[in-house]
Number of protein chains: 2
Amino acid sequence: MKHNLKSDPPLLDPRDLDFLLYEWLEVQSLCTRERYREHSQETFDAVLDLTAELAVKRFAPHNKLGDTREPSIDPSGAVITVPEIKDALDALSATGLLAGEFGARLDGMQLPYVVSKAAFAWLQAANISTSAYAALTIANAHLLETYGTEDQIDRWVRPMLAGRFFGTMCLSEPGAGSSLADLTTRAIPHEDGTYRLTGSKMWITGGDHEISENIVHLVLARVPGGPAGVKGISLFIVPKYLVGDDGTIGERNDVALAGLNHKMGNRGTTNALLSLGDGTHRPDGRAGAVGYLVGRENQGLTQMFHMMNEARIGVGLAATALGYTAYLQSLDYARTRIQGRALGRPQEAPVPIITHPDVRRMLLAQKSYVEGALALGLYCARLLDEVDTADDPADRTRAELLLELLTPITKSWPSQWALEANSLAIQIHGGYGYTRDYHVEQLYRDNRLNAIHEGTHAIHGLDLLGRKVLMADGAALRLLLETFAATSKRATDASAPLRQWGERLHESAQRVAAVTEHVWRSGDPELALANASAYLEAVGHCVLAWIWLEQALAAEGKTGDFYDGKRHAARYFFTYELPKTDYQFDLLMSMDRTTLDLSENWF
Amino acid sequence: MKHNLKSDPPLLDPRDLDFLLYEWLEVQSLCTRERYREHSQETFDAVLDLTAELAVKRFAPHNKLGDTREPSIDPSGAVITVPEIKDALDALSATGLLAGEFGARLDGMQLPYVVSKAAFAWLQAANISTSAYAALTIANAHLLETYGTEDQIDRWVRPMLAGRFFGTMCLSEPGAGSSLADLTTRAIPHEDGTYRLTGSKMWITGGDHEISENIVHLVLARVPGGPAGVKGISLFIVPKYLVGDDGTIGERNDVALAGLNHKMGNRGTTNALLSLGDGTHRPDGRAGAVGYLVGRENQGLTQMFHMMNEARIGVGLAATALGYTAYLQSLDYARTRIQGRALGRPQEAPVPIITHPDVRRMLLAQKSYVEGALALGLYCARLLDEVDTADDPADRTRAELLLELLTPITKSWPSQWALEANSLAIQIHGGYGYTRDYHVEQLYRDNRLNAIHEGTHAIHGLDLLGRKVLMADGAALRLLLETFAATSKRATDASAPLRQWGERLHESAQRVAAVTEHVWRSGDPELALANASAYLEAVGHCVLAWIWLEQALAAEGKTGDFYDGKRHAARYFFTYELPKTDYQFDLLMSMDRTTLDLSENWF
């Protein structure tokens, strides 16, 4: 893409995106596939450049404004947001990019996911709050494209991809957050095939606003007579306004705003408590929120995971983008802020702080976190393309398996480490970084959400060690380790540091295999999973070591500052970061019972 | 102290304070010393109970209000703060506690520092912003008590201890933060012995407000003809209002408010950019801020370090208090929030989240961080008492050495790990923790400051590895390691886990000695200090392991939930935390040059 982008603040590095997409992932090779045959590197670049321009001109300028003037409820009960949010989303809709990943059937651009997600990262770096409305709408549309009827697709998906309707996902309730088995929203079937829903839904991002003509809620609820727990959950389309057969907006559905959540960050995005079927509105003269079943009853959780898995990759990229722009901002600051002198040279002039070793350490840490996380996120998006379009069905299956395994990591690792990049960005700015005159404090607040929503850090640890490494008799984990091995093998022919890093990665792979086997040998799930969060973090660091070796290999033999920077960030990661996994693996091997053998009265 | 304190939110644990003060540090034994002979455990408890009550009733209730309605400048140029801040500080002044640590000469209570700092931690946990005005006033008064003239003490210190005047410290300038060598504020001597100051001072906490009758700024500035760099810095009293010989408030000094900083947290505390001598006010008909030299010219940095070292212990305790209350709040939440089920028991009723192992891990981590940090902070305060009142002068010298070594750690370790406790408190609250309906998000924002002010994290790493371990030919470090050794030796007679922990501490002590010797053997300060931050963090964790073994020894042979909790937190620290030092020491031993051998163009 164009490298002469001028933006203040800097958002992403176009040169890095080119490297990741074209030199490492070789996404241009996708254009030989039927689905992408209208595309070329030129069309990809056009999309990336267009999105970057939108990000700089329409999304970034109101990022602080959205943080300062958060959504409020006016006397009529409507949710008021700063107009710049709607303007930016309208501009995005006008480009057709909301349908970028979608097929021609939906008038989409039929872009590869990997290009589309890379483009979207520009919007996330510019304004995570405003971009969230679009992200949820796209994910909602994907779900309905997969599971909805033709009529549902025409009625709900097409207006969403045109930017007229926005989408949400409604899972949590005030008493059921991580525990979906306990959700209580009820859906009573009506003779005309529709349902009437009653219940409360919490933490609904984009849950109410006047930005779009309508809001398409995807709601998990229970139908009478269904099984208890997660097997008795069904999925419904519950629009804010009913829509006639001709697509016209009809009467208000019984979905009432019960309150807005006031958050530490992500303030530009409305986050609502919704009351379904409380009689505030009476569609067709009766209480109850009208809902339309998606697919069959009691299949809701599986369907919602389609959206949730996509959302999890999106959360990882959101966290990455927030860390990435903060890194670039602190890099600019470090280059221009004059403070202190080189060690042992008190007589010389003060120097830019980028010359101080600890500032360089912080910048290298940030670079390794955010560029590594971006590479991982794009790799996962590339796997989505493999799942959909690989020529060999066996490749599709493999991609699906690997993606399932990587999903908890690609969601959680950036949520932890790109947040650390945000914290380091504040630190590099010193006292200035703690003020609202700069952007970095907001980015830190914005990013703190990402370890919480779409499954907490702990949930992803349990998912990885309790489900993903066990599924298909361990095939997904074997696939990951084979992937590591192939990279290590390529490194044996490379220059000295890469060979050593390949050996380190090989040792890490052996460690992952041994630890996984060891914890499950106990036959005691509670004990095996007691340190699942440590497992998530340690395996995550191994995955990132692999990502960095991959990048170093893609840079092998190439000269210039950019490639030297990639090599040096890889060196940083292998020197400073990968060794952190040792104590976590040691802990896991010890089958430590510290978190199990205690009384809660001891706190 | 009283254990039946009811407070919402919970602030500190009185039982823990009793344990630390009376069972571990045995502060009651101080009462045999001349300075403290009027005191007893009863008088200490009375002070602690009184402060706790003030914290609960006067400081905590407006903590969120102060965050929401930050200071502003009214049309007259005055800084407006919510009245609850002044009310709370007036209530504190009325108790006489501002003079708690001071001698009878200043009508003080002559309390040991360790008791006074413990009492003050209640106020910090309740409201860090409001307590900051008092903390700076006390530290300012200590400096002037040490270096000021009788007249200066009467004119400035007595009104500060009575709560009529507040104090500040003015070091930084817009272009000179960490680099005091570059400060440019000038002080021109006047024939009457006063000086006139001109310059800008940045980040002045409590820099302007109407809460007190007057503000006593302690300002670093240069007099003409002085040496360059830090050796040419002098210290001045620069009041907001001049004060007559009879103590009456006189005309406005030429100290003008140039702006308020708007911060991510600590919003209740004014933080100002001050302009000295810009002619906004013309005391005695002439421009220039009137300043009174403290001590002699060019001694300013040494004098200011008297205040700064105290402030650094205070920052550590502030960070600790913010983490401590967040820990207790998340503990309450974890006990009462019902969510999910025990593993493998999907049919049973949902359980409080405190039963989930990962929640217990987070609570244990928090407990080990905040109780450990509080113990360290009080230990350092106890060293201050030794410095002042130990019977044997050799003990005073030893205490001073050890305190100098521990100061960067007692400031930085809580700033890093109690902040992590704040982050875990949000995580335990889930989505609720991210909202402003709960307190934990504010505490996280408030605490992020502490790794920045009073010397950044990096500065303290350089201070520890570059100065403190080298001073007096390494005597301070030897003293620390001897202290570790004595504790390890006591553990050899204790029960099984303590013996093992004693061995681990012994190994850590050997590692610290070896690493320190190794990095300096290079003879290359730049290389030796390249990973000073890792050294700070690793030695910090070793110090905390020692603190936890000390606590476990103090609990040895005692039964009950409280002592079991102490033992279990020690187990957590030795199992989960101390091993983190391995990779940091390995890095230091490798004399890695990653942060040195790079071009800034590689970023």
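Order of the sequence lines sets the chain letters (A, B, ...), proteins ahead of strands, with each chain counted from 1. This structure is a prediction, so every number in the text was calculated from the model and none was measured. Both backbone and side-chain heavy atoms feed into the values below; hydrogens, waters and symmetry mates do not.
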Does [X] reach the main-chain N or O of [Y] with its side chain, forming a donor-acceptor pair under 3.5 Å?
X: B/Ser179; Y: B/Ala176; result: no
X: A/His460; Y: A/Glu454; result: yes
X: B/Thr581; Y: B/Leu578; result: yes
X: A/Lys263; Y: A/Asp446; result: no

Which atoms of [X] come close to chain B, meaning under 4.5 Å heavy atom to heavy atom: side chain ones, backbone ones, both, or neither?
X: A/Arg445; value: both
X: A/Leu596; value: both
X: A/Asn601; value: both
X: A/Arg267; value: side chain
X: A/Pro346; value: neither
X: A/Tyr432; value: both
X: A/Tyr563; value: neither
X: A/Asp561; value: both
X: A/Leu529; value: side chain
X: A/Asp586; value: neither

Contact leader toward chain A among [options], where contacts are heavy-atom pairs under 4.5 Å:
options: B/Asn266, B/Asn271, B/Ile353; value: B/Asn266
options: B/Asp592, B/Leu449, B/Asp597, B/Asn531; value: B/Leu449
options: B/Arg341, B/Gln339, B/Gln584, B/Arg335; value: B/Gln339
options: B/Asp437, B/Asn261, B/Ile338, B/Ile426; value: B/Ile426
options: B/Leu462, B/Asp182, B/Thr456; value: B/Asp182
options: B/Ser423, B/Pro579, B/Pro525; value: B/Ser423

Give the intermediate values and the outcome of salt bridge (Lys or Arg N to Asp or Glu O under 4.0 Å) for residues B/Glu441 and B/Lys64. CA-CA 11 Å; B/Glu441 66 87 24; B/Lys64 198 183 280 286; 5.3 Å; no
At a heavy-atom separation under 4.5 Å, does [X] approach chain A through its side chain, its backbone, both, or neither?
X: B/Tyr576; value: both
X: B/Met362; value: neither
X: B/His262; value: both
X: B/Ala181; value: side chain
X: B/Asp13; value: neither
X: B/Asp582; value: neither
X: B/Leu419; value: side chain
X: B/Ile354; value: side chain

Roughly how far, to the nearest 0.5 Å, is the [atom2] atom of [Y] from the [atom1] atom of [X]?
X: A/Thr559; Y: A/Asp564; atom1: OG1; atom2: CG; answer: 8.0 Å
X: B/Phe573; Y: B/His568; atom1: CZ; atom2: NE2; answer: 15.0 Å
X: B/Glu173; Y: B/Leu183; atom1: CD; atom2: CG; answer: 4.5 Å
X: B/Leu443; Y: B/Ser330; atom1: CG; atom2: OG; answer: 10.0 Å
X: A/Leu364; Y: A/Tyr572; atom1: CG; atom2: OH; answer: 7.5 Å

If I compare all heavy atoms of [X] with all of [Y], which pair ends up nearest, and what's the gap?
X: A/Leu363; Y: A/Ile428; value: CD2-CD1, 3.6 Å
X: A/His457; Y: A/Gln416; value: CE1-OE1, 3.5 Å
X: B/Pro357; Y: A/Thr595; value: O-CB, 3.7 Å
X: A/Ser415; Y: A/Asn450; value: OG-O, 3.1 Å
X: A/Ile452; Y: B/Gly430; value: CG2-C, 3.6 Å
X: B/Phe603; Y: A/Arg360; value: CZ-O, 3.9 Å

Option that, when pairs with chain B are counted at under 4.5 Å, heavy atom only, ranks first among [options]:
options: A/Lys566, A/His429, A/Gln442, A/Arg361; result: A/Arg361
options: A/Tyr327, A/Tyr444, A/Tyr434; result: A/Tyr434
options: A/Thr594, A/Thr575, A/Asp358, A/Leu343; result: A/Thr594
options: A/Gly175, A/Ser599, A/Pro350, A/Ala534; result: A/Gly175
options: A/Thr435, A/Thr355, A/Leu331, A/Leu598; result: A/Leu598
options: A/Gln427, A/Glu600, A/Lys367; result: A/Gln427

Heavy-atom side-chain proximity of A/Glu526 to A/Asp524 below 4.5 angstrom: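 A/Glu526 vs A/Asp524: side chains touch.
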